[in-house]
Visitor: 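Provided herewith is a single structure, encoded as structure tokens, for subsequent inquiry.
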Amino acid sequence: MNTYLVVGSNYISQSEILASKLSAKVLDIHRKIFPDGELYVRIKEPEKIRGKVVIVANTLYPRQNDSLVETLLLIDAVRHNNPSKIILLIPYIAYSRQDKIFLPGEPISAEVVLKTLSHIGGDCLITIDIHSPKSLNSFNGIAENILVSDILVEKALRYVEKPIILAPDKGAIGRAKYAAEKHGLEYDYLVKQRDRITGEITMIPREITVENRDVIIVDDIISTGGTIVTAAKLMLKQGARRVVLATSHGLFIGNALEKIKASGIVKLLIANTLGTKPNDPLIEVVDVTHRIADAITKLIGKSG
Ligand code: R5P
């Protein structure tokens, strides 16, 4: 065995599928929580990883802060056992939306997380649809952002005909363009504004005609659902026939799911990037593990 997987709590349920696609072995981890709430991890057979490629896999939702600390502890435990390379697989990177200073006095949280991951010992990083790909410049090593909007749109095409692909804001245009071009579809974006203090969202339609057309709205994250629900309602108000949502990371905070269900959409597709799995007939969870496995295989091949 040349490749090992060291897996954090949020990624356990997906690790065996990935391991079988990579012909890798998942190492047993002893984990516990000390009485004061601190985390403890120990790789049970650390001698196995000397000179080997080790993939440290975890995703940073739910329990973002604990998951981040657990991931850092796992990376450090691996590093002390002299692997040939540490590849980090973190499908969802928490704090990625604070990717710049919006108001004076704020930190750049995305930069803090990415710098820390590489500083502790990650040589390469693979993530899925990070909020702003530019943030990956803070990772000191090879960092690859995998888009999955094309996979989600392919599944969404079962519910709509000749749709237009829409991003709910200009910043999301990259993932709309990627999916649209793969499937030979039109794409565009809406103009979104969010009040940095109240969080309230307003959206201004551009010169797009959606009347009697099907629409697929693609985005990176559903958190409170505000963005995607505002976009869906606007499209339906403008005469769209059917609206389907395709989003990489479905967090569904608070009553997000209720709001989405009430918005009039036909289907919601999300990728399996988190440690949570919603169970609702409106939602289809799409497995993107094959794309992760391909990216890791290429990375191992490239870097030897
Ligand atoms: C923002 O720019 C992101 O791309 C998402 O649209 C946003 O973070 C989703 O958050 P919420 O669901 O709370 O509107």
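Note that ligands are numbered from 1 as they come in the structure, with each ligand's atoms numbered from 1 the same way.
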Visitor: Report yes if some heavy atom in the side chain of Leu114 is under 4.5 Å from a heavy atom in the side chain of Ile130; otherwise report no.
Guide: yes
Visitor: Whether Lys32 engages the ring of Tyr40 as a cation-pi pair (distance to the six-membered ring centre under 6.0 angstrom, angle to the ring normal within 45°) should be assessed.
Guide: yes
Visitor: Determine, stepwise, if the pair Asp220 / Arg97 fulfils salt bridge (charged side-chain N to carboxylate O under 4.0 Å, His left out).
Guide: CA-CA 10 Å; Asp220 55 340; Arg97 285 179 290 174; over 6 Å; no
Visitor: Could you grab the distance from atom CG of Leu22 to atom OG of Ser15, nearest 0.5 Å is fine?
Guide: 11.5 Å
Visitor: Is Arg213 salt-bridged to Glu186, cutoff N-O under 4.0 Å?
Guide: yes
Visitor: For ligand 1, give me the residues whose heavy-atom distance to it is below 4.0 Å, by chain and number please.
Guide: Arg97, His131, Asp169, Lys192, Arg194, Ile201, Asp219, Asp220, Ile221, Ile222, Ser223, Thr224, Gly225, Gly226, Thr227
Visitor: I would like to know whether Gln238 and Glu211 meet side chain to side chain donor-acceptor pair (under 3.5 Å); could you show each step before the answer?
Guide: CA-CA 6 Å; Gln238 293 197 338; Glu211 202 169 346; over 6 Å; no
